[in-house]
Participant: 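Pasting in a structure now, in structure tokens, and then I'll have a few things to ask.
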Amino acid sequence: MVAYIDIPTDAACVVSVLSAGGIAIIPSSVGYGIVATESTALQRIYTVKRRQPHKRHAIIGSYALHREIHVLPPDKMDLVRLLTVDLNLPLGVIAPYQQGHPLIARLDEETLAASSIDGTIAMLVNGGPFQEELVRVAAASGRAVLGSSANLTGQGTKTLVEEIEPEIREAADIVVDYGRMRDGWPRASSTMVDFESMRVVRVGACYDVIRDVVQRFTGVQWPDPSVR
């Protein structure tokens with residue numbers, strides 16, 4: 001028997017759970033995330049992760065959603081496309097956002113405050129095929145998917161469901177297990193970049209490749225984590 005996965009069916013199931021106020025653990029290329037769309041469920045994620053109030057939710061996104069929501073000059077939009085579409089790299093993009101976008105406008109004041117800082121919002125772009133489909137279906141239903149890594153705060157992003165702490169797994173109403181996730185070097189979780197200031201906020205998956213591409217195509221030199 002040949003094993004297979006059904007991404008459209010799995011994504012539709014997750015959106016159904018999230019729309020009803022549930023929580024999901026989902027795969028992305030940089031590790032497993034815990035996500036929700038409704039404010040009460042997002043608050044439950046904060047509680048179960050033992051997350052501090054200054055930590056922010058990120059939007060689980062796609063390149064298309066990034067283009068709709070983020071506000072950046074054309075050269076920086078082109079750089080995001082180069083990294084995430086042309087070179088198929090995962091990337092956390094922090095940038096100013098369209099406050100009037102329907103998915104943003106739907107968020108209540110508390111959720112928006114927990115998902116933005118200084119007029120910017122973070123979005124994981126190109127997290128893999130499941131994420132792309134999930135975002136497409138959720139956006140079609142008028143919902144933004146928000147969340148963070150599926151782990152207790154400070155314990156590191158997990159690349160296997162079995163590594164996720166039991167209390168985190170138990171908090172989820174649905175778990176999509178696609179086995180070990182692909183991009184865990186030099187560390188699982190997305191490389192996060194503030195594209196307004198062109199500053200690296202977090203070194204994560206594929207950082208050495210991302211850093212090299214940015215230097216080659218823009219001349220911007222980001223820090224080398226191997227140099228102390």
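In this chain, residues are counted from 1 in sequence order.
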Participant: So do the side chains of Tyr97 and Ile104 get within less than 4.5 Å of each other, counting heavy atoms only?
Facilitator: yes
Participant: Check the orientation of Tyr46 and His57. Use parallel for under 30°, tilted for 30 to 60°, and perpendicular for over 60°.
Facilitator: perpendicular
Participant: Does the pair Glu196/Lys76 count as a salt bridge with the N-to-O cut at 4.0 Å?
Facilitator: no
Participant: Under 4.5 Å between side-chain heavy atoms, hopping through other hydrophobics if needed: is there a path connecting Trp185 to Tyr207?
Facilitator: no
Participant: Please answer whether the main-chain N or O of Thr157 pairs with a side-chain N or O of Ser189 as donor and acceptor at a distance below 3.5 Å.
Facilitator: no
Participant: Does the distance from a Lys or Arg side-chain N to an Asp or Glu carboxylate O, for Arg106 and Glu38, drop under 4.0 Å?
Facilitator: yes
Participant: Closer than 3.5 angstrom, by distance alone: can the side chain of His70 be matched with the main-chain N or O of Ile121 as a donor-acceptor pair?
Facilitator: yes
Participant: Which residues pass the side-chain hydrogen bond (donor to acceptor under 3.5 Å, both in side chains) test with Arg199, sequence neighbours left out?
Facilitator: none
Participant: Examine the side chains of Ser116 and Arg56 and answer whether a donor and an acceptor come within less than 3.5 Å of each other.
Facilitator: no
Participant: Counting N and O atoms only, with roles assigned by atom type, does the side chain of Gln221 sit under 3.5 Å from a partner on the main chain of Val214, one being a donor and the other an acceptor?
Facilitator: no
Participant: Without swapping roles, check the side chain of Asn126 against the backbone of Leu89 for a donor-acceptor pair under 3.5 Å.
Facilitator: yes
Participant: Any chance you could lay out the salt bridge (charged side-chain N to carboxylate O under 4.0 Å, His left out) test for Glu167 and Arg50, step after step, and finish with the verdict?
Facilitator: CA-CA 11 Å; Glu167 54 264 60; Arg50 305 173 197 169; 3.1 Å; yes
Participant: Between Ser149 and Asn151, is a side chain to side chain donor-acceptor pair (under 3.5 Å) present by the stated rule, with each step listed?
Facilitator: CA-CA 6 Å; Ser149 54; Asn151 55 270; 2.6 Å; yes
